[in-house]
Amino acid sequence: MGNERIVGALLRGISTGRFAHTLLFAGPAGSGKKSLAGFVVQRLFCPDSCQLCPNCTMLARGIHPDYLHIASEGSVKLEHARQLKEFLAAPPNTAAYKVALLEDCQNLTVEAGNSLLKILEDPPQASVCILTADSADNVLPTLVSRSQVYTLAPLSREVISHALEKRNVPQQRSWFLAGFSQGVLGRALKLLEDEDFWLRRQQMATEIQEILARRRNPLQSSDNWQVQPEEALDLLESWLRDMLLSQINPDYIPVNRDLQSYLDACMRNCPADKCIALLDYCAAVREYLQTRCNPRLVFDCLALKMWEV
Ligand SMILES: [Zn+2]
């Protein structure tokens with residue numbers, strides 16, 4: 001969904017037999033890489049995707065002998081590369097191709113990367129390798145150069161809202177998710193199901209309001225936030241952005257408009273220049289977290305900055 005150009009290009013390639021035999025699908029978790037891979041495999045095995053022939057039925061049941069799906073937990077190791085090599089070495093049984101899907105190639109160990117490279121340099125006939133990664137930048141450049149790279153673009157707010165509305169998600173919730181998921185439908189769907197997430201978000205709104213009003217010990221909240229640092233930072237940033245944009249643009253509709261009364265209360269104690277300073281600090285926090293600083297200290301500083309007048 002939302003990546004029709006990529007799908008069109010792949011379909012044309014498959015129907016004419018002119019496509020790279022190593023495909024790399026890049027995009028953040030939830031952006032549809034696995035769905036796209038499933039779509040490609042389906043078309044490679046049955047161009048009409050008839051759902052009736054042996055290829056279609058075996059694929060649907062997950063027992064097609066010409067399809068190998070490797071999803072590793074953690075790093076992709078040499079044994080995975082070997083498994084893939086062994087699988088591709090034999091010719092296809094019933095399909096026109098042997099297809100292997102190797103997920104999370106941003107986590108390849110050096111040995112696995114080198115082994116994979118050897119396979120891809122001299123791929124067995126009628127074999128197709130589909131690799132996925134969160135970003136092509138995080139994959140060995142030598143692997144990327146041997147692949148046809150398709151980067152899944154973030155979806156527009158409209159596309160995500162539409163997809164959520166089709167699932168009967170209440171409008172205010174779908175508005176928030178469309179803004180908060182940053183164009184990644186899979187992320188929106190995951191959050192939708194996660195009742196604890198909505199509780200954490202509500203709790204955070206209360207905490208931000210009380211810290212800005214200096215009615216709460218900021219270090220207590222930072223203690224909560226550092227448990228899930230990425231999520232806390234995403235929520236806080238979306239909150240601060242709403243506060244900033246609402247103050248400088250009267251037509252702005254906040255992502256968090258379902259919590260408008262909390263936003264209003266926060267804005268009374270946080271003028272635009274403070275929002276900007278805090279957003280700057282959030283960007284720094286993101287970098288600190290990536291360099292493995294202690295999340296507790298980082299969030300302590302952030303909460304104290306919110307508390308300061
Ligand atoms: Zn079929």
Side-chain angles (χ1 to χ4, degrees), residues 1-72 76 80-105 116 119-120 122-133 136 143 146-153 155 159-160 162-164 166-167 184-190 193:
M1 191 184 279
N3 281 291
E4 286 77 11
R5 265 192 32 225
I6 291 180
V7 171
L10 284 164
L11 271 182
R12 275 194 302 281
I14 293 169
S15 65
T16 55
R18 286 167 61 178
F19 59 95
H21 286 231
T22 306
L23 306 168
L24 171 59
F25 296 157
S31 59
K33 301 183 295 288
K34 228 192 295 177
S35 307
L36 184 60
F39 175 84
V40 168
V41 178
Q42 172 77 66
R43 300 295 156 138
L44 284 170
F45 282 10
C46 175
D48 300 327
S49 187
C50 72
Q51 304 305 327
L52 298 168
C53 70
N55 281 331
C56 283
T57 45
M58 283 192 289
L59 202 55
R61 292 173 58 199
I63 52 162
H64 202 299
D66 295 326
Y67 178 55
L68 175 71
H69 177 188
I70 302 176
S72 64
V76 181
H80 299 117
R82 286 200 176 126
Q83 193 186 355
L84 188 135
K85 185 177 176 182
E86 208 172 290
F87 169 76
L88 292 180
N93 296 282
T94 62
Y97 301 93
K98 276 239 159 150
V99 185
L101 168 62
L102 182 60
E103 288 195 76
D104 293 323
C105 288
L116 192 58
I119 307 167
L120 300 183
D122 185 19
Q125 276 214 323
S127 72
V128 178
C129 247
I130 304 176
L131 313 176
T132 70
L143 270 184
R146 278 167 184 78
S147 314
Q148 179 94 48
V149 182
Y150 294 93
T151 300
L152 298 180
L155 307 183
V159 171
I160 296 211
H162 187 66
L164 292 173
K166 276 205 292 197
R167 289 171 169 82
V184 181
L185 180 58
R187 188 174 182 208
L189 293 174
K190 203 168 157 198
E193 310 269 297

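Start at 1 and go down the list; that is how both ligands and their atoms are numbered. Heavy-atom basis, side chains included; hydrogens, waters and symmetry copies ignored. Fair warning: this is a prediction, and the values are worked out from it, not measured in the lab.
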Problem set entry | Pairing residues for R43 by the salt bridge (charged side-chain N to carboxylate O under 4.0 Å, His left out) criterion, not counting sequence neighbours | none
Seminar exercise, completed: Total protein N/O/S atoms sitting under 2.8 Å from the Zn ion (ligand 1), waters ignored, is 4
Problem set entry | Candidate pair Y97 and F19, rule ring-ring contact (aromatic ring centres under 6.0 Å, His included), full reasoning | CA-CA 13 Å; Y97 301 93; F19 59 95; 5.7 Å; yes
For this session: Mark yes or no: K98 above the aromatic ring of F87, with NZ or CZ under 6.0 Å from the six-membered ring centre and no more than 45 degrees from the axis.
Result: yes
For this session: Let me see the working for E103 and H69 under side chain to side chain donor-acceptor pair (under 3.5 Å), right down to the final yes or no.
Result: CA-CA 8 Å; E103 288 195 76; H69 177 188; 2.6 Å; yes
For this session: Under the ring pair (Phe, Tyr, Trp, His ring centres under 6.0 Å) rule, collect the residues that match up with H80, sequence neighbours excluded.
Result: none
Problem set entry | Qualifying residues under side chain to side chain contact (heavy atoms under 4.5 Å, CB included), relative to A37, sequence neighbours excluded | F25, L101, I130
